[in-house]
Protein chains: 2
Amino acid sequence: MALSAALLAVAGELTRRIHDGVVARGFEGVRPAHGFAFARLAPDGATVTELAAHLGVTKQAASQLVDEMVRKGYVERRPHPEDARARLIMLTERGWACARAAEEAAVEAVRPWTELLGEREVRTLQGQLLRIAPHGPVRPSW
Amino acid sequence: MALSAALLAVAGELTRRIHDGVVARGFEGVRPAHGFAFARLAPDGATVTELAAHLGVTKQAASQLVDEMVRKGYVERRPHPEDARARLIMLTERGWACARAAEEAAVEAVRPWTELLGEREVRTLQGQLLRIAPHGPVRPSW
DNA sequence: GGGATATGGTCAACCTTCTTGACCATCTGG
DNA sequence: CCAGATGGTCAAGAAGGTTGACCATATCCC
């Protein structure tokens, strides 16, 4: 049980730090859920349905999230090049900037661990975690 | 970033498995949030205000959670022995049974890790996590 | 080709869980 | 013993999710 508690504590702390780091870089009104969405949209965009599958929510919920991100200027809905029903959700320039900020914040949040455990141990840690749950849920919900 | 993603994936997977394990043992209508509450109530009970502080929510929210757990038979409100304003929230017999089930489910959820990494590595992992965030938030929210 | 059916997306209504604000009962310090 | 602090609840509302209905377009199959 101690292991579970420690893991959840670290995950919660990490999420909080990344979020704080993103806010500190000037992106307000953004939630962790947006970050999980960015991860799917980043390479080439995605449809609402794909995003919903990625996040593990209904497509209505994903659509509302997109509404919000559009309103805040992070993404835009473009016509899909191959399917007139669908729309391709793509990051705007501001969206890319926010994604880069999240990346920086993540690196910054992990840095103290390297100072504490050493670089080799951190790599070991990462390897162990990847072996334990290579395909865990993207949006852990509880 | 890969490290962060792996950590969140493992945490999400772990939470899901513990929850499933508890449900499989016959406790329905119970959420992970209840488990976090049990952890504080288990030794000797606690007041609503203490529980709220533990969970990181308002005392109104904690009170509602207690309402729900009372309705489901996991806890009961008893008069506080030293403060007539307060009430001592204590686990019922069913509450204790559920807490034991969660403990079992947690052990079961972690067992595959031991098979995968070996017992020594898992202990190392636990030690590393405890050093990284010894006092992370109890109820990671995102 | 063309109609039945599947799929992408949205609108609307509702539910759950948390918050804020107001309030009462009781404890505590001067 | 009274003023202020603290424990708890009630009520209303915000946030973020779900289900159900619906339209537009794509795909399958004759």
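Chain letters run A, B, ... following the sequence lines, proteins first, then strands; residues in each count from 1.
Of the candidates C/dC27, D/dG8, C/dG9, the closest approach to any side-chain atom of A/Lys59 belongs to C/dG9. Residue B/Ala84 places its side chain closer to C/dT26 than to any other of D/dT18, D/dG8, C/dT26. Across C/dT26, C/dT19, C/dG8, the shortest atom-to-atom separation from the side chain of B/Gln64 is found for C/dT19. In this structure, of D/dG7, D/dG16, C/dG8, it is C/dG8 that holds the atom nearest to the side chain of A/Ala86. Looking at the side chain of A/Thr49, the nearest of the listed nucleotides C/dT17, C/dG9, D/dG16 is C/dG9. Among the nucleotides C/dC18, C/dT10, C/dG8, the one closest to any side-chain atom of A/Ser63 is C/dT10.
For the pair A/Arg31 and A/Leu65, the minimum side-chain heavy-atom distance is below 4.5 Å. Counting heavy atoms from C-beta on, the side chains of A/Val66 and A/Arg77 come closer than 4.5 Å.
Qualifying side chain to side chain donor-acceptor pair (under 3.5 Å) partners for B/Arg94, counting only residues two or more places apart in sequence or in other chains: B/Tyr74. Partners of A/Glu104 under the side chain to side chain donor-acceptor pair (under 3.5 Å) rule, at least two apart in sequence or in another chain, are A/Arg25.
Taking atom CD1 of B/Ile89 as the reference point, atom C1' of D/dT9 lies 12 Å away to the nearest angstrom. One can place CG of B/Leu65 at 15 Å from P of D/dC10, the figure rounded to the nearest angstrom. Atom-to-atom, CD of B/Gln60 to C1' of C/dT16 comes out at 17 Å; the value is rounded to the nearest Å. Atoms CZ (A/Arg85) and P (D/dC23) sit 17 Å apart, rounded to a whole Å. The distance between atom CG of B/Asp83 and atom P of D/dG8, rounded to the nearest whole Å, is 8 Å. The CD atom of B/Glu68 sits 16 Å away from the P atom of C/dC15 (whole-angstrom rounding). If you take NE2 of A/His80 and C1' of C/dT7, they are 13 Å apart, rounded to a whole angstrom. The interatomic distance linking A/Phe36 (CZ) with D/dG17 (P) rounds to 12 Å, in whole Å.
Electrostatic pairing of A/Lys72 and A/Glu68 counts as a salt bridge here, judged by a charged N lying under 4.0 Å from a carboxylate O. A salt bridge links A/Arg123 with A/Glu119: at least one charged nitrogen is closer than 4.0 Å to a carboxylate oxygen. Classification of B/Asp20 and B/Arg16 as a salt-bridged pair holds, one side-chain N sitting under 4.0 Å from a carboxylate O.
Counting non-hydrogen atoms under 4.0 angstrom, A/Ala61 reaches a base of the nucleic acid. Residue B/Thr58 is classed as a base contact, given a heavy-atom separation below 4.0 Å to a base.
For the helix from C/dG1-D/dC30 to C/dG30-D/dC1, the angle separating the two terminal helix axes comes to 30°, with each axis derived from five pairs and the value rounded to 10°.
In this structure, A/Arg77 reaches the C/dT10 phosphate: one of its side-chain N or O atoms is under 4.0 Å from OP1 or OP2. Contact between the side-chain N/O atoms of A/Arg31 and the OP1/OP2 oxygens of D/dA15 is not found at any separation under 4.0 Å.
Taking 3.5 Å as the limit, the base of D/dG7 and the side chain of B/Glu50 contain no donor-acceptor pair of atoms between them.
Other residues, nucleotides and ligands place more than 12 heavy atoms under 6.0 Å from the CZ atom of B/Arg131.
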